[in-house]
Amino acid sequence: MTTTTMTPPTLERYLSEAVHRRTNDSQQDDIADIVRVIAQASKLIGHKVAVSSIEQSHVGQGSNESGDDQKALDVISNDYMIEALQSCGKVSLMVSEEDKHATVTPKEYLHDGQHYACVFDPLDGSSNIECSVSVGTIFGIYPCDKHEDKGHLDNVMRPGRDMIAAGYILYSTATILVLSVGHQHGVRAFTNDPSIGEFVEYPQSPLKIPAKPKRIVSGNTGNAAVWNLPTSEFLRWTRRQKERYSMRYIGSMVADVHRTLLYGGIFMYPADYVNRNGKLRTLYECFPMAFLAEAGGGVATTGTHRILDITPSSIHQRMPIYLGCKRDVNMLTHLFERIPHLFSIHCAPDAIAVKTSSSIQREEPKDPSTPNTKSPASASNSPVNKKQRKSTLGDKAFWEVEMGKYMLTEQVVGDEDCFELSANKGALFQELVCMNDAAWTLATCCVTGQRGLLPTQLLVASSAEIDHLVAVDKCDGDDEMIDFRVGDAALKVRYMNDRRWCHAVNARTGQSGIVPAAIFVQGH
C-alpha cells in the first residue's frame, strides 16, 4: 500500500501556489520573491537576537536618524535587510529607520521589469533586547510607478493605501512571519521551524481580529498625564465598563500589535504634550501595521483620520496611531469628534495659572425653568475660542483644573456608549471642559468621580467650594518633596503622623508628594 506524504503548509508553498493561483499576476510573483529574501534575512536576524547577550550586540552606540537609541544589533539587522533586498534584483529603493537618507540599489543589481520600493524598521523594540523581551522587523512594499526614476522618493512619499504588501517578523519564543499581500487575501502567519529550515503556517492563520474581541488596552499608561484629552477620556471610559479592560503593554510594537491581531482590543501610541506629532514613524511603522490591521478586520486611525489615507511629507515623519478592533477604535474616534484636542494643565508652561475659586465669578443656583445663559466653559477652559481649540501645537491648548463646582438643574439619563453621564437633579460636578459642540460639557461627578458628557444648559455655577489649601510660601522640592509656588492650590491634603508635614497634589503641576504643612492657608 502506497502512502502519500502531504507537503506542510509552508511560506514557500503559499507564495508559490496560493498567491500565484489566486492572482495570476506578475506583480504578485515579484512580491513573493521580495518576501522570500525578507524571510531569509529574518532567520539571520533572529539568530543574532538569540545570541545578542553573548555577543553583547545589544550595547548602545549613539542614536539613529529618528532620534532613538541605536544598538549594534540595529545596524547589523539593517545591513542584513539591505543586502537581502538588493540581492533579489527587484527592489530599487529602500527606506530604513536606521538611515538618514533612502538607499538606492545600483542599476547593475536590478533585473529588467517592474521594480519596487521597500520601507522597513529592521529591528523594532531593540531597547528591550537586553532584558530578552520580544522584538521584530516591520516592512511594507510599494510599486515604483510614481516616477520614471525608480529610485525617486515620490515612489514612497504616498498614502499607505498604495502599499501592495506589508508584514512583520516577531522574534520571541519562536520567529513568526506575519504577512498580507492585499486586503482580499487577509493576514497569514508562519512560524520558523528550525528542524526543516522552513516557515510553517501558524495554527491560527489566517489571522483575523475576533468577532468578540477581548477587552485589552495596549498603551503606555504611564504617560497618560501628558496625553491629549480624548485619549485620556477613552482610558477613563474603559475603566467605567462593567466588563473590565486589562492593561497590557510590552513596549515593542510588533509584540503588542501581534497580540491585538490575535485577541482584539486596541493598541495605541498617542500624541502627547512632549511629542505633539506622535512618536512612531509613519512610513515604516504605522503604514505597514495599519495595512495589516485593516486586512485582519480591524481599524487604524490617528484619532481624526484613517492612517492609510495620509500622505507623508518626509521619510522619517511621525504620527499618533490607534489600531485594533472596531469596537474600541470606533469609540476612541467618537471621543475625538466630541472632545477638543487639548492637553492637561499639568503639562502647561509655568506662565499659565490654574483658576482657583477666588478667581471665578460665582452665580447662585438658578431655578431649573430659567435658561442658563452662562457657559461653564468660561470658568473652566482657558482656550475657548475655536482657533485655539483646533490647535494641537500652540502652547495655550490646555484644559485647566477647575476649583469651582457646578450643579445639575435637571435629572439626566445619558447614553453610556456615547460617553454621556446619568445623574440626578442637584448633583455637583467639577473639572468642566467645553466640547467641540458647545451644547455638551465634559465634567466629573464630585461624589462618584465618574467623568463624562452633560448638556451644557443644565449646569449652573454653585456656591459650594472644593476643599483646598493655597500656598502662601514657596517650597523647592527635592527627591522627597514636590514644588509649590505662592498661590498654588493643594488638593487631597492628608497630614502625616508628624503634622508638620502633609501629602498633597499640586493642582498646577499634577505632582503629588510630601510638602511642609506650614506653607498653606485655607483657600477661599
Side-chain angles (χ1 to χ4, degrees), residues 27 31 34 64-68 85 91-104 114-121 124 138-168 180-184 228 230-231 253 257 267-272 275-296 298-324 329-330 332-333 336-337 341 390-394:
Q27 185 181 81
I31 293 173
I34 296 170
N64 59 23
E65 294 304 326
S66 299
D68 292 337
L85 291 167
V91 177
S92 58
L93 181 66
M94 290 162 282
V95 174
S96 168
E97 180 189 14
E98 305 304 326
D99 295 324
K100 181 177 182 180
H101 304 292
T103 300
V104 179
Q114 176 69 44
H115 294 148
Y116 302 85
C118 188
V119 295
F120 57 90
D121 181 350
D124 175 72
I138 307 171
F139 65 90
I141 302 171
Y142 284 101
C144 288
D145 57 6
K146 288 295 184 181
H147 200 279
E148 291 183 2
D149 179 0
K150 302 305 180 183
H152 199 280
L153 277 180
D154 282 355
N155 290 309
V156 294
M157 303 304 290
R158 54 204 289 195
R161 63 174 180 268
D162 290 348
M163 277 185 174
I164 54 177
Y168 61 78
S180 176
V181 293
H183 290 185
Q184 69 274 23
N228 55 66
T231 307
M253 187 186 191
V257 170
F267 167 81
M268 61 170 69
Y269 208 119
D272 56 39
N275 302 291
R276 301 291 183 91
N277 295 318
K279 185 73 181 294
L280 299 182
R281 271 68 52 164
T282 302
L283 261 182
Y284 41 81
E285 290 179 323
C286 295
F287 277 177
M289 291 308 201
F291 189 96
L292 291 166
E294 291 194 2
V299 186
T301 179
T302 64
T304 56
H305 297 90
R306 179 187 179 221
I307 283 178
L308 295 181
D309 286 340
I310 294 172
T311 301
S313 57
S314 67
I315 62 174
H316 296 299
Q317 178 179 323
R318 300 172 186 264
M319 66 161 52
I321 182 170
Y322 307 85
L323 65 82
V329 179
N330 288 346
L332 183 130
T333 55
F336 266 92
E337 291 171 358
H341 195 150
K390 292 181 179 179
S391 170
T392 61
L393 298 175

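For the numbers below, each heavy atom of this structure counts, side chains included, while hydrogens, waters and symmetry mates do not. Residues: numbered from 1 along the sequence shown.
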Side chain to side chain contact (heavy atoms under 4.5 Å, CB included) assessment of M157 paired with I315: CA-CA 7 Å; M157 303 304 290; I315 62 174; 3.8 Å; yes

Less than 4.0 angstrom from a charged side-chain N to a carboxylate O is my criterion; do R158 and D145 meet it?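 Salt bridge present between R158 and D145.
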
For the [atom1] atom of [X] and the [atom2] atom of [Y], what is their distance to the nearest 0.5 Å?
X	Y	atom1	atom2	value
E285	E97	CD	CD	5.5 Å
H152	S92	NE2	OG	12.0 Å
E98	F120	CD	CZ	9.0 Å
I321	K279	CD1	NZ	14.0 Å
M289	Y269	CE	OH	14.0 Å
R306	E294	CZ	CD	4.0 Å

State, yes or no, whether a side-chain contact exists between [X] and [Y] at a heavy-atom distance under 4.5 Å.
X	Y	result
T302	P320	yes
D121	M253	no
Y142	D162	yes
Y116	I164	yes
P288	F139	no
L292	V257	no
H183	F291	yes
F336	N228	yes

Which residue, I138, V119, T282, forms the side-chain contact (heavy atoms from CB on, under 4.5 Å) with F287?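 By the side-chain contact (heavy atoms from CB on, under 4.5 Å) criterion, F287 pairs with just one of I138, V119, T282: T282.
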
For residues [X] and [Y], report the shortest heavy-atom separation together with the two atoms involved.
X	Y	answer
V91	L85	CB-O, 3.8 Å
A102	L153	CB-CD2, 3.7 Å
C286	M319	SG-CG, 3.5 Å
L332	G303	CD2-CA, 4.2 Å
I307	A290	CG2-CB, 3.7 Å
L93	G151	CD1-O, 3.5 Å

Full working for side chain to side chain contact (heavy atoms under 4.5 Å, CB included) between Y322 and T231: CA-CA 10 Å; Y322 307 85; T231 307; 2.6 Å; yes

What do you reckon, is NE2 of H305 surrounded by more than 12 foreign heavy atoms closer than 6.0 Å?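 Not more than 12 within 6.0 Å, no.
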
Can a donor-acceptor pair be found, under 3.5 Å and without considering hydrogens, that links the side chain of [X] to the backbone of [Y]?
X	Y	value
N275	D272	no
H316	D99	yes
N155	D149	yes

Give the C-alpha distance, both sets of side-chain angles, the deciding distance and a yes or no for side chain to side chain contact (heavy atoms under 4.5 Å, CB included) between D309 and R161. CA-CA 6 Å; D309 286 340; R161 63 174 180 268; 3.1 Å; yes

